[in-house]
Peer 1: 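Handing you this structure, nothing more for now.
Atoms within a ligand are numbered from 1 in the order they appear, just like the ligands themselves. Just so you know, these numbers come straight off a predicted model, no measurement behind them.
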Amino acid sequence: MNILLLGNGGREHAFAWKLCQSPLCSKLYIAPGNAGTAACGENVALSPEDFPALAAFALQNQIELVVVGPEAPLVEGVFDYFSATPELRSIPVIGPSKEGAKLEGSKAYAKAFMQEFGIPTAAYREFTAAQLDEGLAYLAALPPPYVLKADGLAAGKGVLICASLEEAQEELRAMLGGKFGSASATVVIEQFLSGIEFSVFVLTDGKNWRLLPEAKDYKRIGEGDTGLNTGGMGAISPVPFADDALMEKVRRRIIEPTIRGIQSRGFSYHGFIFFGLIRVEGEPYVIEYNCRMGDPETEVVFPRIQSDLLELLLAVPSGKLAEADLKIDPRTAATIFLVSGGYPEAYEKGKPVTGLEAVEHSITFHAGTNLKDEQIVTNGGRVLALTSFGDDIPDALVRSLKNAEKIHFEGKYYRRDIGFDLV
Ligand code: AMP
Ligand code: GLY
């Protein structure tokens, strides 16, 4: 069958790598893809948010399945666009409806959903510009640190943790004053939770759901989890502290009530739910929902899936998710990101990448890469992810680190301590 995959990051290379291994996949197109996805299928120069262009392409190329990597097209309603257009209706889209994607696209929506369905999360209130004074007073009554979240999508920058009340109040004024444009027209202020974070993923048809391997990502630029937040500098799976007892609580208190909430609200959800969780004194709480897979988590989660991912995805629209095959590799996977010098602040692009052919015993996932005159060049902050298997975290990590040394581009930087807090 012909498949259209939307996106261009490391996550999408991991999707493409896994999908093209399926005997059911005859042709894979990636819109727009990167230098890595080009080895798994054909890149097409289309924006994931240009729905009419995607629709025309899907019809011309007999696409039978659309798989959505990033959140933006989901929040914009790509699922609804396909299901509302008669000639596209028969093409299943893996991803939630626009209403379902609000679980990620609106923090206030997600918090109200969790409250309604009794899902453990930090206490919160939401404020608009008209309620600035109430917001300032709410902050003054909270203990530090302060958590402020822009309601809408803000390119991963919309969450601020402020150490002092003065800073938090100043930020609230700035956010409600338009710091993140319309994304911060509403601001969620919530209780700070102190604990250890981890990521849990399910694939659901809105009724049945299947648990995928859990992961932990490392968001800070510096070793020892220091410095600025990034899109993610590496990840590991499985997570040693996500034992049976904790995962049973996650199922009962978080996953099952979320699925019940989706049914109760009555919206369509045919895709992934990424639960960003935190363990506080042994109990799991939801920090955020995402309506897609994580990046770099996908780069460790999908290599651990031994069964056919395409068969699993097709079981969503066909209503066979409950009985679909899902085999998980028990070994540990670790991935480390090689990033451009300067990232997550300003960095240069277009640097030639060499040494890729020397990589051994790791999978190279491309993220910010491009092909220019037959040469792979950097095209983003996060350039390449190196995923390796091992008996434990250090064993897997050492393989990725050996390969990280063999790849060269000007300004290359990576963390050597992914998983450091878990061993
Ligand atoms: P989010 O974009 O919602 O994932 O938030 C980004 C990061 O901010 C999370 O990964 C957490 O590290 C942190 N964070 C968000 N909410 C809270 C909270 N209530 N308490 C502590 N840390 C938080
Ligand atoms: N790694 C976090 C995310 O994908 O949002």
Side-chain angles (χ1 to χ4, degrees), residues 7 9-12 14-15 68-72 74-75 101 103-111 114 119-126 139 142-163 168 171 180 183-184 187-201 214-221 225-237 239 272-281 283-302 335-337 339 344 365 367 381-382 385 418 421:
R11 166 184 51 213
E12 286 74 22
F15 265 99
V68 187
E71 63 278 13
L74 295 166
V75 171
L103 287 174
E104 172 165 4
S106 166
K107 302 271 188 206
Y109 181 94
K111 295 296 287 192
M114 287 185 257
I119 296 160
T121 189
Y124 85 107
R125 273 191 61 190
E126 58 181 272
L139 282 171
L142 287 177
Y146 304 88
V147 184
L148 278 68
K149 301 187 173 184
D151 176 48
L153 293 184
K157 298 193 164 65
V159 175
L160 297 167
I161 312 248
C162 303
E171 282 296 350
F180 298 107
S184 63
V187 173
V188 166
I189 300 179
E190 68 180 40
Q191 169 201 14
F192 180 83
L193 297 176
S194 182
I196 186 160
E197 289 178 58
F198 61 115
S199 307
V200 166
F201 305 92
E214 77 286 352
K216 180 167 187 355
D217 81 339
Y218 290 80
K219 290 198 174 98
R220 301 297 194 95
I221 188 74
D225 281 343
T226 53
L228 293 174
N229 254 323
T230 71
M233 295 295 293
I236 56 98
S237 176
V239 178
F272 296 96
I273 311 176
F274 163 174
F275 299 86
L277 304 180
I278 188 165
R279 185 192 64 171
V280 182
E281 289 165 9
E283 309 301 326
Y285 291 79
V286 179
I287 289 272
E288 62 167 355
Y289 284 117
N290 294 300
C291 61
R292 52 170 173 87
M293 286 297 294
D295 192 353
E297 289 96 328
T298 308
E299 290 93 309
V300 286
V301 170
F302 282 4
T335 197
I336 60 175
F337 246 113
V339 306
F365 291 119
R382 293 194 295 170
I418 299 304
D421 53 340

Peer 1: For ligand 2, does Glu297 get within less than 4.0 Å through its side chain, its backbone, both, or neither, judged by non-hydrogen atoms?
Peer 2: side chain
Peer 1: Nearest protein heavy atom to atom 2 (C) of ligand 2, by residue and atom, and its distance?
Peer 2: Asp217 OD2, 3.5 Å
Peer 1: Should the proximity of Gln191 to ligand 1, defined as any heavy atom under 4.0 Å, be assigned to the side chain, the backbone, both, or neither?
Peer 2: backbone
Peer 1: Would you say Asn229 and Val159 make side-chain contact, with heavy atoms under 4.5 Å?
Peer 2: no
Peer 1: What's the shortest distance from atom 19 (N) of ligand 1 to any protein heavy atom, and which residue and atom give it?
Peer 2: Glu190 OE2, 2.7 Å
Peer 1: Among protein heavy atoms, which lies nearest atom 17 (C) of ligand 1, and at what distance?
Peer 2: Ile287 CD1, 3.5 Å
Peer 1: Measure centre to centre between the rings of Phe275 and Phe201, then say whether the value is under 6.0 Å.
Peer 2: no
Peer 1: Backbone N or O of Gly69 within a donor-acceptor pair of the Arg292 side chain at under 3.5 Å?
Peer 2: no
Peer 1: Inspect the contact between Lys111 and Glu126 and indicate whether a charged nitrogen and a carboxylate oxygen are less than 4.0 angstrom apart.
Peer 2: no
Peer 1: Minimum heavy-atom separation for Gly232 to Pro296, with atom names?
Peer 2: CA-CD, 3.8 Å
Peer 1: So, for Phe15 and Phe272, is the gap between ring centers shorter than 6.0 Å?
Peer 2: yes
Peer 1: Which of the numbered atoms in ligand 1 are below 4.0 angstrom from a heavy atom of Lys107?
Peer 2: 1 (P), 2 (O), 3 (O)
Peer 1: Can you find an N or O of Lys219 that's nearer than 3.5 Å to an N or O of ligand 2?
Peer 2: no
Peer 1: What atoms in ligand 2 come closer than 4.0 Å to a heavy atom of Arg292?
Peer 2: 3 (C), 4 (O), 5 (O)
Peer 1: Students should be able to answer this: which protein heavy-atom is nearest to atom 1 (P) of ligand 1, and at what distance?
Peer 2: Glu288 OE1, 3.2 Å
Peer 1: Quick check for you: to the nearest 0.5 Å, what is the distance between Leu148 atom CG and Glu171 atom CD?
Peer 2: 7.0 Å
Peer 1: Of all the heavy atoms in Asn229, does at least one lie under 4.0 Å from an atom in ligand 1?
Peer 2: no
Peer 1: Taking Val300's backbone N and O only, do any of them form a donor-acceptor pair with Thr335's side chain (distance below 3.5 Å, no angle check)?
Peer 2: no
Peer 1: Any side-chain to backbone donor/acceptor pair from Arg11 onto Met293? Under 3.5 Å, distance only.
Peer 2: yes
Peer 1: Among all protein heavy atoms, pick the one closest to atom 13 (C) of ligand 1 and tell me residue, atom and distance.
Peer 2: Ile161 CD1, 3.8 Å
Peer 1: Between Val159, Val188, Asp225, Val280, flag the one that comes closest to atom 5 (O) of ligand 1 by a heavy atom.
Peer 2: Val159
Peer 1: Determine whether any heavy atom of Gly294 lies closer than 4.0 Å to an atom of ligand 2.
Peer 2: yes
Peer 1: Working to the nearest 0.5 angstrom, can you tell me the gap between Leu74 CG and Leu153 CG?
Peer 2: 10.0 Å
Peer 1: For residues Thr230 and Val339, determine if any side-chain heavy atom of one lies less than 4.5 Å from a side-chain heavy atom of the other.
Peer 2: no
Peer 1: Can you tell if the side chain of Ile221 reaches within under 4.5 Å of the side chain of Met233, non-hydrogen atoms only?
Peer 2: yes
Peer 1: For Phe192, take its heavy atoms, then give the atoms of ligand 1 lying under 4.0 Å from any of them.
Peer 2: 20 (N), 21 (C), 22 (N)
Peer 1: Nearest protein heavy atom to atom 16 (N) of ligand 1, by residue and atom, and its distance?
Peer 2: Lys149 NZ, 3.0 Å
Peer 1: Identify the protein heavy atom lying closest to atom 11 (C) of ligand 1, giving its residue, its atom name and the separation to 0.1 Å.
Peer 2: Glu197 OE2, 3.1 Å
Peer 1: Is Leu193 close to ligand 1, meaning an N/O of one under 3.5 Å from an N/O of the other?
Peer 2: yes
Peer 1: At a non-hydrogen distance cut-off of under 4.0 Å, which region of Glu71 contacts ligand 2 (side chain, backbone, both, or neither)?
Peer 2: neither
Peer 1: Measure the distances from the heavy atoms of Gly231 to every atom of ligand 2 and state whether one is below 4.0 angstrom.
Peer 2: yes
